[in-house]
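Positions are given from 1, in the same order as the sequence printed here.
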Amino acid sequence: MKFAIRDDDISYHTDVNILKYLYEDISKVCPISFSCIPYVGGYDIENFTPDKWSQFDVQWIKWQTSEIYPIDKNKELVTSLREWCDNDRASIMLHGIHHDLFEFTQDKDFTDEIKEAKKYPENIFKRRVCVASPPNNSLGISA
């Protein structure tokens, strides 16, 4: 049997000390799959709807911005994750592009956007990204 641990929503806003606290020991036994958001933000805040976001998680407020925060601007996070990957204690996955909750529910082909978005973490983490998990596992046309 294989065992997998996936942590979603790794982004510019992620505090690497929390990841170390949570995963420092277990990552020595089971590598952690970090599902990273390359460019968190860029939301149309003019058309923001409160039901689109969790009302119980105050951390989401950081994401309510039209500004885009690239993950590589969090140098400490990138350095630590790269080190964990180099020591086979972690892998990097793609978790959307901006993490809009409805990012991949539009009726369009996202092939080019995903190919471009995956190049970015591949370059900063210096490894191949071959797994993607859409935000909230949302794929297809929204109702």
Side-chain angles (χ1 to χ4, degrees), residues 2-24 26-28 30-143:
K2 291 186 178 186
F3 189 73
I5 299 174
R6 178 180 104 188
D7 191 330
D8 284 358
D9 299 341
I10 306 302
S11 73
Y12 165 85
H13 300 296
T14 301
D15 181 342
V16 73
N17 293 315
I18 292 173
L19 296 183
K20 288 178 181 179
Y21 174 78
L22 293 171
Y23 301 120
E24 188 71 34
I26 192 74
S27 68
K28 295 173 185 173
C30 177
I32 312 302
S33 297
F34 290 110
S35 203
C36 298
I37 306 162
Y39 310 104
V40 72
Y43 302 117
D44 179 7
I45 58 174
E46 306 305 319
N47 294 310
F48 171 73
T49 54
D51 60 325
K52 185 175 175 180
W53 301 96
S54 168
Q55 299 301 298
F56 305 105
D57 185 351
V58 295
Q59 294 300 312
W60 283 104
I61 200 69
K62 295 179 187 175
W63 302 37
Q64 309 306 309
T65 175
S66 57
E67 188 171 346
I68 295 173
Y69 294 93
I71 195 170
D72 76 318
K73 299 300 181 197
N74 184 333
K75 303 293 185 201
E76 186 180 6
L77 173 67
V78 170
T79 299
S80 291
L81 292 184
R82 194 181 297 152
E83 181 180 300
W84 282 21
C85 289
D86 289 345
N87 291 311
D88 296 323
R89 294 174 55 196
S91 63
I92 303 298
M93 300 168 42
L94 184 67
H95 191 49
I97 301 166
H98 299 282
H99 200 284
D100 186 304
L101 298 182
F102 304 117
E103 193 163 44
F104 296 118
T105 61
Q106 301 166 44
D107 187 17
K108 71 178 239 179
D109 183 349
F110 288 95
T111 304
D112 291 338
E113 286 99 331
I114 292 170
K115 283 181 181 177
E116 191 61 34
K118 93 179 204 81
K119 287 180 190 176
Y120 175 63
E122 287 179 335
N123 287 334
I124 63 170
F125 292 110
K126 308 294 186 217
R127 61 196 56 264
R128 194 167 157 241
V129 173
C130 55
V131 176
S133 60
N136 295 305
N137 298 318
S138 298
L139 286 174
I141 301 170
S142 61

Quiz item: Which residue pairs pass the salt bridge (Lys or Arg N to Asp or Glu O under 4.0 Å) test when at least one of the two sits in residues 74-83, sequence neighbours left out?
Solution: none

Quiz item: Is any side-chain heavy atom of Ile10 closer than 4.5 Å to a side-chain heavy atom of Leu19?
Solution: yes

Quiz item: How long is the span from the OG atom in Ser35 to the CG atom in Asp9, to the nearest 0.5 Å?
Solution: 7.5 Å

Quiz item: Would you call the rings of Tyr39 and Tyr120 parallel, tilted or perpendicular if under 30° counts as parallel and over 60° as perpendicular?
Solution: parallel

Exercise. Keeping to residues at least two apart or across chains, list the salt bridge (Lys or Arg N to Asp or Glu O under 4.0 Å) pairs with something in residues 121-130.
Key: Asp86-Arg127, Lys118-Glu122

Exercise. Verify, without hydrogens or angle tests, whether Asn74 (side chain) and Thr14 (backbone) share a donor-acceptor contact under 3.5 angstrom.
Key: yes

Quiz prompt | Heavy-atom side-chain contact between Leu81 and Leu77 under 4.5 Å | solution = yes

Quiz item: Under 4.5 Å between any side-chain heavy atoms of Asp88 and Pro31, yes or no?
Solution: no

Quiz item: Is the shortest heavy-atom distance from the side chain of Arg6 to the side chain of Ser133 under 4.5 Å?
Solution: yes

Quiz item: How many angstroms lie between CD1 in Ile68 and CD1 in Ile97, if you round to the nearest 0.5 Å?
Solution: 10.5 Å

Practice problem: List in chain and number order the residues that pass salt bridge (charged side-chain N to carboxylate O under 4.0 Å, His left out) with Lys108, two or more places apart in sequence or in another chain; answer none if no residue qualifies. | Solution: Glu113

Quiz item: To the nearest 0.5 Å, how far apart are OH in Tyr12 and SG in Cys36?
Solution: 15.5 Å

Practice problem: Can you label the angle between the Trp84 ring and the Phe34 ring as parallel, tilted or perpendicular, going by 30° and 60°? | Solution: tilted

Quiz item: With distance as the sole test, does Asn87 use its side chain to make a donor-acceptor pair with the main-chain N or O of Arg89 at under 3.5 Å?
Solution: no

Quiz prompt | Exercise: identify the closest heavy-atom pair between Asp72 and Val78 | solution = CA-CG2, 3.7 Å

Quiz item: Could you state the interatomic distance from CD1 (Ile32) to CG (Leu22), rounded to the nearest 0.5 Å?
Solution: 9.0 Å

Exercise. Verify side chain to side chain contact (heavy atoms under 4.5 Å, CB included) between Ser11 and His99, making sure each step is shown before the conclusion.
Key: CA-CA 10 Å; Ser11 73; His99 200 284; over 6 Å; no

Practice problem: Might you work through the side chain to side chain contact (heavy atoms under 4.5 Å, CB included) test for Tyr21 and Asp15, ending with a clear yes or no? | Solution: CA-CA 10 Å; Tyr21 174 78; Asp15 181 342; over 6 Å; no

Self-check item: Euclidean distance, Asp8 CG relative to Ser33 OG, rounded to 0.5 Å
Solution: 10.0 Å

Quiz item: Taking Glu103 for the side chain and Pro134 for the main chain, is one N or O donor matched with an acceptor at less than 3.5 Å?
Solution: no

Quiz item: Does some side-chain heavy atom of Cys85 sit less than 4.5 Å from a side-chain heavy atom of Ile92?
Solution: yes

